[in-house]
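Notes follow once the structure below has been shown.
One is the number of the first residue; the rest follow in order along the sequence. Computed from a predicted model, the values in this text were never measured in an experiment.
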Amino acid sequence: MKLTSIPQLYRNLRRGREILRVLRRYGLADWISRTRRLPLQNWIKDRSGVPLTQYTRSQRIRMAITELGPTFIKVGQVLAARPDLVGNEIAEELKQLRNEVSPDSMEVVETTLAEELGPNFRKHFRHIEPMPLATASIGQVHRAELMDGQRVVLKVQRRGIEKMMREDLDVLEGLAQWADHVESLAIWGPSDMVRQLMPMILRELDFNRERSNLKQFAQILEADKAEIVIPSVFDQFCTRRVLVMEEMVGEPLAKVFERDVHSPSRESSEMTRADLPPELGRTLARTYLRMVFEDGFFHADPHPGNLFCLRDGRLAILDFGMTGRIDEAMRESIEEMLAAINAGDCRRLTRLIRRVGNPRVDLDQSALEIDVADFVDTYGRQTLDRFDLSGALNQLSEILHRHGIGLPNQSALLLKMLISLEGTLREIGVGFDSLDIVRSYLRRVMIRRLTPARRLRQARRIYLESEAFMENAPEQLLSLMNQARLGQLQVRLEPKRFAPVVNRLVVGLMTSAVFLGSALMLSYEVSPVLFPDQPMLGIQRVSILGLVGLIASFSVMVALCLAILRSE
C-alpha cells in the first residue's frame with residue numbers, strides 16, 4: 001500500500017462507519033417492532049419525534065438515504081427508476097426523495113465561475129441573480145442576463161460535490177463487495193447493482209455531456225419546433241462545471257397541476273390545467289414515442305417539473321442530464337414484445353423477456369410463464385379507453401423483480417421513462433388514451449420491418465456475423481481438442497452459494513464423530529476418570545475426556561441448529 005493512499009483509506013473507513021451507523025439506526029426498528037411487550041419499542045424516534053416503528057421498511061430506507069446526504073440521495077433517485085432491481089414498493093417510496101441541500105453562497109458560485117470562465121467572467125454578464133432558481137444535489141441554477149440583453153440561466157456545479165460523490169461511491173462499492181459474501185444479501189447482486197449505477201451518476205457530473213445532449217435533441221426535434229422547444233446553449237460559456245442555456249419563459253407543468261388542485265377558483269392571470277392546450281398531451285406522447293421507435297435516443301425523465309408550457313403554447317423540455325439510448329436490436333425486441341402483448345402470445349413474450357433481461361441461472365421457467373400469462377390476460381384484453389399503461393409497466397417491473405431478471409441500464413431507463421410519461425399524461429388529463437398512439441406506432445413499425453431496405457440490412461448483419469463465426473469457430477474447436485488430447489482441459493466450478501452448506505455439512509459430520517467417540521470413551525471408562533473410588537450421586541468412573549467431548553459436541557450441534565434456523 002502506498003503511503004499517499006492512507007488518508008483516503010482513513011476517510012473511507014470513517015465514512016463507512018458513518019454509513020453503517022445510519023443503516024443500523026434505521027434497521028433496529030425491525031427487531032423492536034417484533035417485540036411488542038418491551039417498553040423501549042418507541043424510544044428510537046426520528047427528528048420530528050415519531051417512533052421509527054410507525055414507519056414501513058420502505059419509508060425507513062428513504063429516511064436513511066436522506067440522512068446520508070447528496071450522493072445517496074442521487075443513488076436513491078436513480079434506484080427509483082429501477083423497480084426491476086428494488087421492487088415497486090421501494091421504487092415508489094424513493095420517488096419522494098428530494099434534494100434537501102442548502103445552496104452554495106454567491107461567493108462560492110462566483111469562485112467556481114472564475115475558475116471555469118476566467119477571472120474576468122463578469123464582463124460577459126450584465127447581471128446574475130444571487131438567489132438560485134433551483135437547487136439540486138449536483139448543481140444549482142441562477143437566472144442571468146448577458147451583455148447583449150439575452151436572458152439565460154446558469155447551471156453551476158456545487159463546490160466539492162465531485163470529490164465527495166467519488167469518495168462516497170468508493171465506500172459504497174466496498175460495502176457492496178462485503179455484502180456479496182452475506183448470503184441473504186448476495187441474491188440481490190450488490191456489486192453488479194453498484195457497477196450499473198456508478199456510470200449513470202458520474203455522467204451527470206460532466207455538464208459537457210448535458211450540453212451535447214441538448215444540441216443533439218434540438219437537431220432531432222428541429223422539424224417539430226412549432227410544438228416542441230429545446231433550450232439553446234451558449235457554447236462559449238459552457239465548461240465541465242458550468243452550463244449556460246436560454247431561459248424558457250413559461251411555467252412548469254408541476255406548478256400548473258399544484259395550482260389547479262389548491263386554487264381551482266383563482267381569478268389571477270396564472271395558468272391552470274384548464275388553460276393547457278388540448279393537443280399538448282398528444283404532442284408529448286408522440287414526441288417521446290418517436291424518440292424511442294425512430295431515433296433510438298430519448299429524454300429519460302419526463303416528469304412535470306422538467307416540462308414547461310411556454311406563453312405561446314409550445315412545450316419546452318428541460319434537464320437532459322439523464323438520457324437513454326437503445327440500439328436497433330433492442331428496439332426490435334421492444335417492438336416484438338408490444339406485438340406479443342397485443343396478440344396475447346404468452347410463450348413468445350416469455351422468450352423475449354428472457355432474451356432482453358439477465359435471468360438468474362436458477363430461474364423457474366414455469367413460474368415465469370404463469371406470471372406472464374396472467375399479465376397478458378389482464379392487460380392484453382383491455383380496451384383502449386380502459387387500458388392502464390402505467391399499471392401494466394409497474395406489474396411487468398414487479399414480475400422482473402420477483403424472478404430476479406435484471407434489465408440493462410438503457411432498458412431500465414426506457415421502462416422508467418414510459419412510466420413517468422404515462423403519469424404526466426394522466427395529470428394533463430386531455431381526454432385521449434396514450435395506448436392509441438402506441439398502437440399507431442406499432443402498425444408503422446410492423447410496416448417498416450417488412451421494407452426491402454430493412455431486410456437487406458438484416459441479411460447483411462446475419463452474413464457478417466456468420467462470416468465471423470465461421471472464421472473463429474474452427475480455430476477455437478482445434479484449440480479445445482488439443483487441450484483435451486494433452487490432458488490440459490480443465491473445468492472450473494465456483495459453487496459460491498453452496499460453500500456455507502458444505503461447511504455446515506462438514507462441521508456436522510465432525511461433530512457427530514466427536515459425539516460418538518465421546519460416548520464410547522464414557523462407556524469404556526477411559527482414564528482419567530472422575531470419582532474413581534467413591535460414587536457421587538450414583539455416578540462413578542466418568543471419563544473426563546469423554547465428558548468434555550460430549551459437552552463440546554452437543555454445544556456445537558445446538559449452535560449449528562440455531563444458525564440453520566436463523567438463515568431459513
Side-chain angles (χ1 to χ4, degrees), residues 81 152-153 155 200 203-204 206-235 238 243-250 252-253 277 279-310 312-335 338 408-422 424-425 428 434 437-438 440-445 447-449 451 453-454 457:
V152 297
V153 292
K155 185 176 180 180
M200 299 173 64
R203 275 199 296 266
E204 294 194 40
D206 187 358
F207 289 175
N208 282 326
R209 184 180 295 273
E210 184 173 354
R211 174 180 58 164
S212 175
N213 292 338
L214 281 164
K215 296 171 71 174
Q216 189 168 351
F217 275 103
Q219 183 178 1
I220 290 174
L221 300 176
E222 175 67 24
D224 299 324
K225 62 183 180 180
E227 299 176 318
I228 301 289
V229 180
I230 305 298
S232 59
V233 295
F234 297 82
D235 290 325
C238 295
L243 182 64
V244 181
M245 301 170 288
E246 173 190 7
E247 182 183 3
M248 296 286 99
V249 181
L253 297 187
E279 286 296 315
L280 184 62
R282 185 173 292 274
T283 300
L284 182 62
R286 186 173 59 248
T287 299
Y288 275 86
L289 291 175
R290 173 192 163 183
M291 292 178 188
V292 174
F293 291 111
E294 295 184 10
D295 304 315
F297 185 42
F298 58 92
H299 177 247
D301 199 13
H303 70 77
N306 288 337
L307 301 172
F308 259 62
C309 187
L310 304 184
D312 59 5
R314 293 185 297 171
L315 182 71
I317 305 177
L318 307 180
D319 193 358
F320 286 82
M322 185 179 295
T323 57
R325 292 182 183 272
I326 54 175
D327 56 19
E328 185 176 356
M330 178 62 69
R331 187 161 61 246
E332 290 180 356
S333 297
I334 295 169
E335 294 165 359
L338 289 173
N409 277 340
Q410 300 307 315
S411 300
L413 277 177
L414 175 62
L415 194 65
K416 180 255 184 189
M417 184 274 284
L418 291 173
I419 293 174
S420 181
L421 178 63
E422 173 70 9
T424 300
L425 291 173
I428 291 176
S434 58
I437 297 181
V438 172
S440 67
Y441 262 96
L442 187 58
R443 287 192 293 268
R444 292 169 55 186
V445 163
I447 295 174
R448 188 179 70 239
R449 294 185 69 174
T451 58
R454 182 191 174 278
R457 289 197 306 270

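- Between T323 and M291, every side-chain heavy-atom pair lies at or beyond the 4.5 Å cut-off.
- Side-chain contact between M417 and V292 is present, with at least one heavy-atom pair separated by less than 4.5 Å.
- In this structure, A300 and G324 approach most closely via the heavy-atom pair CB-N, 4.4 Å.
- Side-chain N or O atoms of N306 include one that pairs as donor or acceptor with a backbone N or O of D301 at under 3.5 Å.
- Between V249 and L310, the closest heavy-atom pair is O-CD2, 3.4 Å.
- Looking only at side-chain heavy atoms (C-beta outward), V229 and F308 stay at 4.5 Å or farther from each other.
- Here the shortest heavy-atom pairing between F298 and R325 reads CE2-N, 4.0 Å.
- Annotation: the span from L221 atom CG to D295 atom CG amounts to 7.5 Å, rounded to 0.5 Å.
- Taking each heavy atom of G321 and E204 in turn, the nearest pair found is O-CG, 3.8 Å.
- Counting only heavy atoms from C-beta outward, the side chains of P302 and I317 never approach each other to under 4.5 Å.
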Test side-chain contact (heavy atoms from CB on, under 4.5 Å) applied to E247 and V152, step by step: CA-CA 5 Å; E247 182 183 3; V152 297; 5.7 Å; no
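- At least one side-chain heavy atom of R290 sits under 4.5 Å from a side-chain heavy atom of D224.
- With hydrogens and angles ignored, the 3.5 Å screen pairs a side-chain donor or acceptor of R314 with a backbone N or O of K225.
- Ring geometry for F217 against H299 counts as perpendicular: the plane angle is over 60°, on a 0 to 90° scale with 30° as the lower cut.
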Do D235 and K215 pass the salt bridge (Lys or Arg N to Asp or Glu O under 4.0 Å) test, and can you show the C-alpha distance, the side-chain angles, and the key distance before you say yes or no? CA-CA 10 Å; D235 290 325; K215 296 171 71 174; 3.1 Å; yes
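- In this structure, the side chains of E210 and D319 come closer than 4.5 Å at one or more pairs of heavy atoms.
- Looking at L214 and L243, their side chains come closer than 4.5 Å, going by heavy atoms from C-beta outward.
- Between the side chain of D206 and the backbone N or O of N208 there is at least one donor-acceptor pair closer than 3.5 Å.
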